**Q** 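Here it is, the structure in full.
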Amino acid sequence: MGIKDFFIKKMVAHKMKGMPKAQQDMVMKLMEKNPELFKKIGEEIKHKTKTEDMSEMTASMQVMRKYQAELQKLAQ
């Protein structure tokens, strides 16, 4: 694991601090399988919060629904 990966994991862990440890571990494993998908999801959430004046939670829910099938495939 490089230094970039280390800091990304720390940032993601901080964002998920209210989430149970098991779910945090699952998300981290999914991120390791397809980091580009999560990068794309993050960029879309950021774009929606800035351009469409949405809360981060609302934008996250919309974007996650959009990528639901891909996320389910990763989880298998």
Side-chain angles (χ1 to χ4, degrees):
M1 169 176 36
I3 191 132
K4 180 181 174 184
D5 294 332
F6 172 77
F7 284 113
I8 288 172
K9 285 184 178 188
K10 287 294 183 183
M11 180 191 70
V12 170
H14 176 73
K15 286 277 190 178
M16 297 187 299
K17 63 183 170 191
M19 188 183 290
K21 180 73 171 134
Q23 286 182 327
Q24 287 181 17
D25 292 342
M26 182 185 72
V27 170
M28 295 301 273
K29 286 178 185 176
L30 294 177
M31 283 182 61
E32 289 172 2
K33 286 184 178 180
N34 191 346
E36 288 303 313
L37 174 62
F38 284 88
K39 181 179 177 184
K40 188 181 344 177
I41 289 170
E43 289 170 355
E44 284 190 38
I45 291 170
K46 186 176 180 180
H47 178 74
K48 283 185 175 285
T49 57
K50 290 187 181 210
T51 62
E52 298 180 25
D53 197 31
M54 282 186 191
S55 71
E56 188 173 349
M57 179 62 78
T58 303
S60 297
M61 294 302 288
Q62 285 185 3
V63 174
M64 294 302 248
R65 271 189 234 117
K66 178 179 174 181
Y67 291 101
Q68 184 175 5
E70 291 178 63
L71 292 167
Q72 285 176 338
K73 285 180 187 175
L74 281 177
Q76 295 177 357

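Nothing here was measured: the structure is a model prediction, and the numbers come from that model.
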**Q** Quick check: is M19 connected to V63 through a chain of hydrophobic side chains (ILVMFWY, heavy atoms under 4.5 Å apart)?
**A**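 Yes, it is one cluster - the side chains of V63 and M19 are joined through contacts under 4.5 Å.
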
**Q** Is K21 salt-bridged to D25, cutoff N-O under 4.0 Å?
**A**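 So K21 pairs with D25 through a salt bridge.
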
**Q** Output yes when a side-chain donor or acceptor of T51 lies under 3.5 Å from a complementary backbone atom of H47, and no otherwise.
**A**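 Yes, T51 side chain to H47 backbone: donor-acceptor pair under 3.5 Å.
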
**Q** In this structure, are over 12 heavy atoms from other groups packed under 6.0 Å from K33 atom NZ?
**A**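 For K33, atom NZ is crowded (more than 12 foreign heavy atoms under 6.0 Å).
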
**Q** Applying side-chain hydrogen bond (donor to acceptor under 3.5 Å, both in side chains), can you list everything that pairs with Q62, at least two apart in sequence or on another chain?
**A**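 Q62: side-chain hydrogen bond (donor to acceptor under 3.5 Å, both in side chains) contacts with K48.
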
**Q** So, taking the atom named OH in Y67 and the one named CD in Q72, what distance separates them when rounded to the nearest 0.5 Å?
**A**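 With rounding to 0.5 Å, OH (Y67) is 15.0 Å from CD (Q72).
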
**Q** Taking only residues two or more places apart in sequence, or in another chain, which ones meet T49 in a side-chain hydrogen bond (donor to acceptor under 3.5 Å, both in side chains)?
**A**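 None.
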
**Q** Do L74 and Q76 touch side chain to side chain, with heavy atoms closer than 4.5 Å?
**A**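 No, their side chains stay 4.5 Å or more apart.
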
**Q** Please tell me whether L71 and M28 are part of a single hydrophobic cluster in this structure, the criterion being side-chain heavy atoms less than 4.5 Å apart.
**A**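 In one cluster: yes.
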
**Q** If hydrophobic clusters are built from ILVMFWY residues whose side chains come within less than 4.5 Å, do L30 and M64 share one?
**A**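 Yes; tracing contacts between hydrophobic side chains, which count when under 4.5 Å, links both residues.
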
**Q** Side-chain heavy atoms under 4.5 angstrom apart, residues restricted to Ile, Leu, Val, Met, Phe, Trp, Tyr: same cluster for M54 and I45?
**A**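 Per the 4.5 Å side-chain linkage, M54 and I45 are not co-clustered.
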
**Q** Hey, mind stepping through K66 and E44 against side chain to side chain contact (heavy atoms under 4.5 Å, CB included) and telling me if it holds?
**A** CA-CA 10 Å; K66 178 179 174 181; E44 284 190 38; 3.1 Å; yes

